[in-house]
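See structure below.
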There are 2 protein chains.
Amino acid sequence: MLLSKSCVYGIRAVLYLSVNDEREYVPIKEISDKMGISFHFLTKILQVLTNAGMIKSMKGAKGGVGLNQPASSISLYDVIRELDGETLFEECVLGLPGCADDNPCSMHKIWRVTKAELKKELEEENFGSLAQQITEDEIRLYDV
Amino acid sequence: MLLSKSCVYGIRAVLYLSVNDEREYVPIKEISDKMGISFHFLTKILQVLTNAGMIKSMKGAKGGVGLNQPASSISLYDVIRELDGETLFEECVLGLPGCADDNPCSMHKIWRVTKAELKKELEEENFGSLAQQITEDEIRLYDV
DNA sequence: TTATATTAAGACATAAGAGTCTTTTATCAC
DNA sequence: GTGATAAAAGACTCTTATGTCTTAATATAA
Ligand code: FES
Ligand code: FES
């Protein structure tokens, strides 16, 4: 697996919030219902993003969660870093200590290029652009 | 994590066998000791590769495991496919059902290119070449 | 102020991955 | 044949990821 389930759910939830950016707060229950994700599990995941300042939350009626920054300023990499950390992009893929061009393992040559490209694209792709593509039906957000 | 621990250990063990290709059988204990991997765990992993025909094994004194094909004919992708399957390269990275260019998710555009390149390189990199680089001290096999 | 809606927090449960241990089976050396 | 060596097989444990449930805290609305 490239990404953990938590991370995937987190990305999809932030996508949902980006698409619904005109609403200040969206109940987590609404997101979990539409996505078919466990409500309590998603709640815990979104708490991490709330603590990171990426999204904001409010309790009570009319409460929920919402983006705390412009969707266009949040990258896919931002969410991945919060939920899965950066080990995918920093540690040796064969589990050897340290990963550097002058201390390579058998997969280093392949993975160093791939991961650098992947990281760059994840950093450049923002949720504003993705939300627009979802709204315009160019990409999907749900299982349909 | 890109690869499971089983997969990483499997790759490293096949690397060891490739470097020691002149020996018909190498005891698993020797590999696990040198690599600092649990002997019984590695045994189970190598059984998968044995059943797949990639390596051969023999019980008893002078027994062990050894490559069942020329090292140059085994690719990194071969080992990954046996131990981790192909879900990394086939399934939607956001967990949506199906993954196709005409049915993309928000990460499809980024990941489809990355994964295709990665897969190609993993298929092209063979253990003969890697063993030679290890022998020539260009890449490392152990934690040192 | 009371009822309702909603997140926060944390205990608890389940499943899968990772790792250990024991017993069985096969091969070699003597 | 007997004893030593080593893989095969499978039961078992430990850890982590995933998922569920309950209670508390807080905000709104009537
Ligand atoms: S040293 Fe292994 S991935 Fe860089
Ligand atoms: S549809 Fe999600 S990765 Fe292709």
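Chain letters run A, B, ... following the sequence lines, proteins first and then strands; every chain starts at 1.
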Starting at atom [atom1] of [X], determine the distance to atom [atom2] of [N], rounded to an integer number of angstrom.
X: B:Glu24; N: C:dT27; atom1: CD; atom2: P; value: 13 Å
X: A:Gln47; N: C:dT6; atom1: CD; atom2: P; value: 16 Å
X: B:Met58; N: C:dA26; atom1: CE; atom2: P; value: 14 Å
X: B:Asn51; N: D:dA8; atom1: CG; atom2: P; value: 8 Å
X: B:Lys44; N: D:dA6; atom1: NZ; atom2: C1'; value: 18 Å
X: A:Leu3; N: D:dT18; atom1: CG; atom2: P; value: 11 Å
X: A:Leu2; N: D:dA17; atom1: CG; atom2: P; value: 16 Å
X: B:Met1; N: C:dA18; atom1: CE; atom2: C1'; value: 14 Å

Any chance the side chains of A:Asp78 and A:Ser75 put a donor and an acceptor closer than 3.5 Å?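 On atom types as modelled, these side chains qualify, holding a pair under 3.5 Å.
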For DNA chain C, find the residues of residues 26-42 of chain B with a heavy-atom distance under 4.0 Å and give them by number; none if there aren't any.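 When residues 26-42 of chain B is checked for heavy atoms under 4.0 Å from DNA chain C, the hits, listed by number, are B:Ser38, B:His40, B:Phe41.
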For A:Lys62, is there an ion pair with A:Glu24 - N to carboxylate O distance below 4.0 angstrom?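 So A:Glu24 does not pair with A:Lys62 through a salt bridge.
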Would you call A:Lys109-B:Glu138 a salt bridge at under 4.0 Å N-O?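 No salt bridge links A:Lys109 with B:Glu138.
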Using a 3.5 Å distance criterion without hydrogens, assess whether the side chain of A:Asn51 forms a donor-acceptor pair with backbone atoms of A:Gln47.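 Yes; at least one donor-acceptor contact below 3.5 Å.
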Keeping A:Arg140 on the side-chain end and A:Ile134 on the backbone end, is there a donor-acceptor pair under 3.5 Å?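 No, A:Arg140 side chain to A:Ile134 backbone: no donor-acceptor pair under 3.5 Å.
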Would A:Arg112 and A:Glu117 count as a salt bridge (charged side-chain N to carboxylate O under 4.0 Å, His left out) if you check the C-alpha gap in whole Å, the side-chain angles of each, and the deciding distance to 0.1 Å? CA-CA 9 Å; A:Arg112 82 155 197 271; A:Glu117 286 175 1; over 6 Å; no
5' priority, DNA chain D, between A:Ala61 and B:Thr43 [closest heavy atom]: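 That would be B:Thr43.
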If you check every side-chain atom of A:Lys59, which of D:dT5, D:dA8, C:dT7 has the closest atom?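 Looking only at side-chain atoms, A:Lys59 lies closest to C:dT7.
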Take A:Tyr77 and A:Glu82 through the test side-chain hydrogen bond (donor to acceptor under 3.5 Å, both in side chains) and record every step on the way to the result. CA-CA 9 Å; A:Tyr77 193 79; A:Glu82 290 304 333; over 6 Å; no
Begin from the C-alpha positions of B:Ser129 and B:Gln133 and carry the test side-chain hydrogen bond (donor to acceptor under 3.5 Å, both in side chains) through to its verdict. CA-CA 6 Å; B:Ser129 158; B:Gln133 293 173 62; 3.1 Å; yes
On the nucleotide D:dA7, are OP1 or OP2 found under 4.0 Å from the side-chain N or O atoms that B:Thr50 carries?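 Answer no for this pair, as no side-chain N or O of B:Thr50 is under 4.0 Å from OP1 or OP2.
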B:Asp84 vs B:Ser4, test: side-chain hydrogen bond (donor to acceptor under 3.5 Å, both in side chains). Steps then yes/no. CA-CA 7 Å; B:Asp84 275 357; B:Ser4 70; 2.5 Å; yes
Check DNA chain D against residues 4-20 of chain A and give the residues with a non-hydrogen atom under 4.0 Å, in numerical order.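 Residues of residues 4-20 of chain A that come under 4.0 Å of DNA chain D are, in numerical order, A:Ser4, A:Lys5, A:Ser6, A:Tyr9.
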